[in-house]
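On a predicted model such as this, the values are computed, not experimentally measured, just so you know. Numbers restart at 1 for each chain; the letters A, B, ... are given by sequence-line order, proteins then strands.
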Protein chains: 2
Amino acid sequence: MKTLKIPEATIIRLSVYSRYMAQIKRKGIVTISSGEIARGVGVSSAQVRKDLAYFGEFGTRGVGYNVGELYGYLMKILGLTTQWKLVIVGAGKLGSALAMYGGFAERGFKVVGIFDNDPRKIGQKLDNLEIMDISQLPKIVEANEAKIGIIAVPAEEAQEVTNILIKNGLKAILNFSPRVLSVPDDVVLRNVDLSVNLEILSFYLDAQKR
Amino acid sequence: MKTLKIPEATIIRLSVYSRYMAQIKRKGIVTISSGEIARGVGVSSAQVRKDLAYFGEFGTRGVGYNVGELYGYLMKILGLTTQWKLVIVGAGKLGSALAMYGGFAERGFKVVGIFDNDPRKIGQKLDNLEIMDISQLPKIVEANEAKIGIIAVPAEEAQEVTNILIKNGLKAILNFSPRVLSVPDDVVLRNVDLSVNLEILSFYLDAQKR
DNA sequence: GGATGTGAAAGTGTTCACAGCC
DNA sequence: GGCTGTGAACACTTTCACATCC
């Protein structure tokens, strides 16, 4: 395998391809071409082949890709053959919804704890998960070997919570707060900013009128 | 104003700048340089200046930018001087949380309706909003002049719901379902895929071990 | 024949570095 | 002197087009 710098956009598409392959696999289709994948997920066929080429040669010339095999390769590339444990900090509307969201389990992520600092919330149940005081976080992270933390607290508390997560050895953070966070180089950070997404729509809607 | 093609990454950053300016403004700071903005949001100062230069000359050489003015320009560029009305389809965990999420109102977005097709959910209240049958959507969209639709239904129903939204004249769609949607050219679509984001973290976490 | 894998070309976005202005 | 605004250089990503192989 060559060690090139892989574009982040490629990783995003690989995740999309993998889900598309799961869908195709369920239909019982055995073979698929880059062109068919491309049409299914809305990119070019060359793009599909280039993305896959970063990681190896998975297809057969003149034929295409074996659906089951390709799915397996994609899951392995994405690191989804092991189950990742994650914790959520912030048990407001968003944090609670994320804790109960079924989509994570489907792809092998397991929520092992949700934390808050509001005494009125501590002890409440979300499905099978009890909201715990943030002071319990170190114990839960260690016991479950959680590696991913989700931040669903208000902007003002986001950096503080981030520091706690990092101190407890978490190496990946998904930030839902509308605040730019600083993290050390060895921690992966992704921002899912709901307002930013609406504002992008606003920009293009408004632009249509100009 | 020049009409260049503006990178989408620029729009995302403008949204981030605008929120940072709101924060700075609250502190009572009057003037700020591109370098200070850059440090605050984690980009380069040249990037800040280039992004702004697409839309005009807002600063004063040797001095910097007036915080209040720049904030106003950014809000105008982003189309946030008018209030956008939006509807949410899907009143599951995620849709319900979004309906009650305070962050939207803060930036001038108003949820005017939430819809589902599950009879058990119809009539239930989320804060002041009653969950309605999807058949009521056309009426609500028209009465409120809603322009934005949020999709929070399972993957299988996502394209169908999208078609309904488009038929009712919505021009912008925020898709939370893990499905690639097709929309006409005049409809703006953004995807917020929670699992994709976790899978990107998974990829980089796994890569650390290699 | 047909679809992959891949260098080369085109296109897009970011950084550099400095002229211009306060 | 200091900071903006911007053309030019650079870096990165996508598309093209075709040799390669089943």
Answer with yes or no whether the side chains of Ser18(B) and Arg107(B) bring together a donor and an acceptor at under 3.5 Å.
yes
Take the protein atom CG of Leu70(A) and the nucleotide atom C1' of dT4(C), then report the distance between them rounded to whole Å.
13 Å
N-O pairing of Asp206(B) and Lys76(A) below 4.0 Å
no
For this output row, return yes or no: ring centroids of Tyr73(A) and Phe58(A) closer than 6.0 angstrom.
yes
Measure CD1/Ile12(B) against C1'/dT14(C) and give the value in whole Å, please.
15 Å
Side chain proximity check, Ser15(B) to Phe203(A), heavy atoms < 4.5 angstrom:
no
Between Lys5(B) (NZ) and dT14(D) (C1'), how many Å, whole number?
13 Å
Between Arg13(A) and Thr60(A), which is nearer to the 5' end of DNA chain D once each is assigned its nearest nucleotide?
Arg13(A)
Any side-chain N or O of Tyr65(A) below 4.0 angstrom from OP1/OP2 of dG5(C)?
yes
Taking only N and O in the side chain of Gln47(A), is any of them less than 4.0 Å away from OP1 or OP2 of dT15(D)?
yes
Interatomic distance, Leu201(A) atom CG to Ile11(B) atom CD1 [nearest 0.5 angstrom]:
11.5 Å
Whole-Å gap separating P (dT6(C)) and CZ (Phe55(A)):
14 Å
Using a distance-only criterion (donor-acceptor N/O pair, under 3.5 Å, no hydrogens), is the base of dT4(D) paired with the side chain of Arg49(B)?
no
Asp51(B) has an atom CG; how far is it from atom P of dG5(D), in whole Å?
12 Å
Of Val63(A) and Lys50(A), whose closest DNA chain C nucleotide lies nearer the 5' terminus?
Val63(A)
Rounded to whole angstrom units, what separation is found between the CD1 atom of Ile37(A) and the P atom of dT4(C)?
8 Å
Can you find a side chain N or O atom of Ser34(A) that sits less than 4.0 Å from OP1 or OP2 on dA3(C)?
no
Separation of dA3(C) atom P from Leu52(A) atom CG, nearest Å, is 16 Å
note: Glu36(A), atom CD; dG2(C), atom P; distance rounded to Å ~ 14 Å
Taking for Ala46(B) and for Arg61(A) the nucleotide of DNA chain D with the nearest heavy atom, the one nearer the 5' end belongs to Ala46(B)
